[in-house]
Novice: 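Provided herewith is a single structure, encoded as structure tokens, for subsequent inquiry.
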Number of protein chains: 2
Amino acid sequence: MRTGTHHSPAELPAELFKALGDQTRLRILNLLLHARKRVCVCEMVDALQLPQYQISRQLAVLKRVELVDAEKSGTWVYHGLDPEHYALSRLAPVLRELLQGEPFDRDRARLDRRLSMRDGERCVVGFVDSISIPENAQQ
Amino acid sequence: MRTGTHHSPAELPAELFKALGDQTRLRILNLLLHARKRVCVCEMVDALQLPQYQISRQLAVLKRVELVDAEKSGTWVYHGLDPEHYALSRLAPVLRELLQGEPFDRDRARLDRRLSMRDGERCVVGFVDSISIPENAQQ
DNA sequence: GCGTTATATGCACTACTAAGCATACAGTAA
DNA sequence: TTACTGTATGCTTAGTAGTGCATATAACGC
């Protein structure tokens, strides 16, 4: 069990909001809030259509503030929201409301297609590159 | 009336959280949430015990994301939360809950002393330097 | 006009942060 | 072992954000 935060308690809220202050990290949180289960990195790569290193990197930031934790299973790493986080329950409804429109809607749609490729609870396909979604507009 | 945000709508939530991701700005918001009325810069200087330029500067950031707006009255400028902000009503309860403990509690106490020096709704004393509060611990 | 007070801001400096690329690490399968 | 795949991370670079100081702006009183 992880115990230490690396910040003075007095600045915890600032660190928390700083972690939320990035588009990529909000897109990741949008996926996790939507999926309501752990999601592995390759699934996020396909859903967000971003390079794998960007997602790993931003996940590390979210883990540092303990919004996200990880569970390893073989080569795959499943990341999920930490329901124990001291502010998540209050923050989640606000995030759900704010993370609407593009790119958040399309990200959720791509994640759904990607998650439908699972074998039960397990990710089995690795990087699929380009989950096709009716792209009425690009971006 | 200010109309334009300077950010693409798709990144508005990220810009909003970025604005919340700073200790000084959270301390300012804490004051405004507590006061439930407009507060002028010199009152914030005394409550937060920070240099005036820091407060003006961070207020400018909060105004850029339109969480805060200002009303001028002579030399004094009264800053307040913008109740029209698209996310403030959802965010305010979360902020109230997170902005507890030090330095937020003491900031609110100092603001109360400072506000008690008002003449009705008007700030009349300028910089008082060191609103005395039982400082059981320094900082 | 002048001086004074309240607030905002230009500048220099420092520190941090995200992106991009390559590579390291870990686990699987042969 | 070797090859391969999923994930994490070291490094560099570019852009950005906070601080501190000085100064500018604005409104007041004389």
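Please read these numbers as outputs of a predicted model, since none were measured by experiment. Each chain gets a letter, A, B and so on, in the order its sequence line appears, and its residues count up from 1.
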Novice: Take atom CZ of B:Arg38 and atom C1' of C:dA6, then tell me their distance rounded to the nearest Å.
Specialist: 17 Å
Novice: Could you list all the salt bridge (Lys or Arg N to Asp or Glu O under 4.0 Å) pairs where at least one residue sits in residues 81-97 of chain B, not counting sequence neighbours?
Specialist: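 Found A:Arg90-B:Glu97, A:Glu97-B:Arg90.
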Novice: Expressed in angstrom and rounded to an integer, what is the separation of B:Met44 atom CE from C:dA8 atom P?
Specialist: 9 Å
Novice: For A:Leu50 and D:dA8, what is the distance between atoms CG and P respectively, to the nearest whole Å?
Specialist: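 Those two atoms, CG and P, are 15 Å apart.
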Novice: Taking only N and O in the side chain of B:Gln23, is any of them less than 4.0 Å away from OP1 or OP2 of D:dG18?
Specialist: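 So the side-chain polar atoms of B:Gln23 never come under 4.0 Å of the phosphate oxygens OP1 or OP2 of D:dG18.
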Novice: Rounded to the nearest Å, what distance is computed from the CD atom of residue B:Gln58 to the C1' atom of nucleotide D:dT16?
Specialist: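 Rounding to the nearest Å, CD of B:Gln58 and C1' of D:dT16 are 14 Å apart.
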Novice: Are the side chain of A:Arg27 and the backbone N or O of A:Leu48 linked by a donor-acceptor pair below 3.5 Å?
Specialist: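 Yes; judged by distance alone, with no hydrogens or angles, the pair exists.
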Novice: Output the rounded distance in Å from NZ (A:Lys63) to P (D:dT7).
Specialist: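 Result: 11 Å.
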Novice: Starting at the 5' end of DNA chain D and moving along, which residue's nearest nucleotide shows up first, A:Val125 or A:Ala60?
Specialist: A:Val125
Novice: So, does A:Lys18 get its side chain near the phosphate of C:dC16, meaning an N or O under 4.0 Å from OP1 or OP2?
Specialist: no
Novice: If you compare every side-chain N and O of B:His79 against the phosphate oxygens of C:dA6 (OP1, OP2), does one of them come in below 4.0 Å?
Specialist: no
Novice: Side chain of A:Ser116, backbone of A:Arg113: donor and acceptor closer than 3.5 Å?
Specialist: yes
Novice: Write down the distance between CG (A:Leu59) and P (C:dA19), rounded to a whole number of angstrom.
Specialist: 13 Å
Novice: List for me each residue that meets salt bridge (Lys or Arg N to Asp or Glu O under 4.0 Å) alongside A:Arg38, sequence neighbours excluded, and say none if there are none.
Specialist: A:Asp69, A:Glu71
Novice: List in chain and number order the residues that pass salt bridge (Lys or Arg N to Asp or Glu O under 4.0 Å) with A:Asp112, two or more places apart in sequence or in another chain; answer none if no residue qualifies.
Specialist: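 A:Asp112 satisfies salt bridge (Lys or Arg N to Asp or Glu O under 4.0 Å) with no other residue.
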Novice: Per the salt bridge (Lys or Arg N to Asp or Glu O under 4.0 Å) rule, what does the pair list look like for residues 115-124 of chain B, sequence neighbours excluded?
Specialist: B:Glu43-B:Arg118
Novice: Within the 4.0 Å limit for protein heavy atoms, which parts of nucleotides 22-30 of chain C are touched? Write it as a string from 5' to 3', B for base, S for sugar-phosphate only, - for none.
Specialist: B---SSS--
Novice: What is the distance from CG of B:Leu26 to P of D:dG18, rounded to the nearest Å?
Specialist: 11 Å
Novice: Would you mind listing the cluster partners of A:Tyr78? Hydrophobic ones only (ILVMFWY), side-chain contacts under 4.5 Å, chaining allowed.
Specialist: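 Result for A:Tyr78 is A:Trp76.
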Novice: Taking for each residue the nucleotide of DNA chain C with the nearest heavy atom, is it B:Val41 or A:Thr24 whose nucleotide lies nearer the 5' end?
Specialist: B:Val41
Novice: Nearest whole Å is fine: how far is D:dA22 C1' from B:Gln54 CD?
Specialist: 15 Å
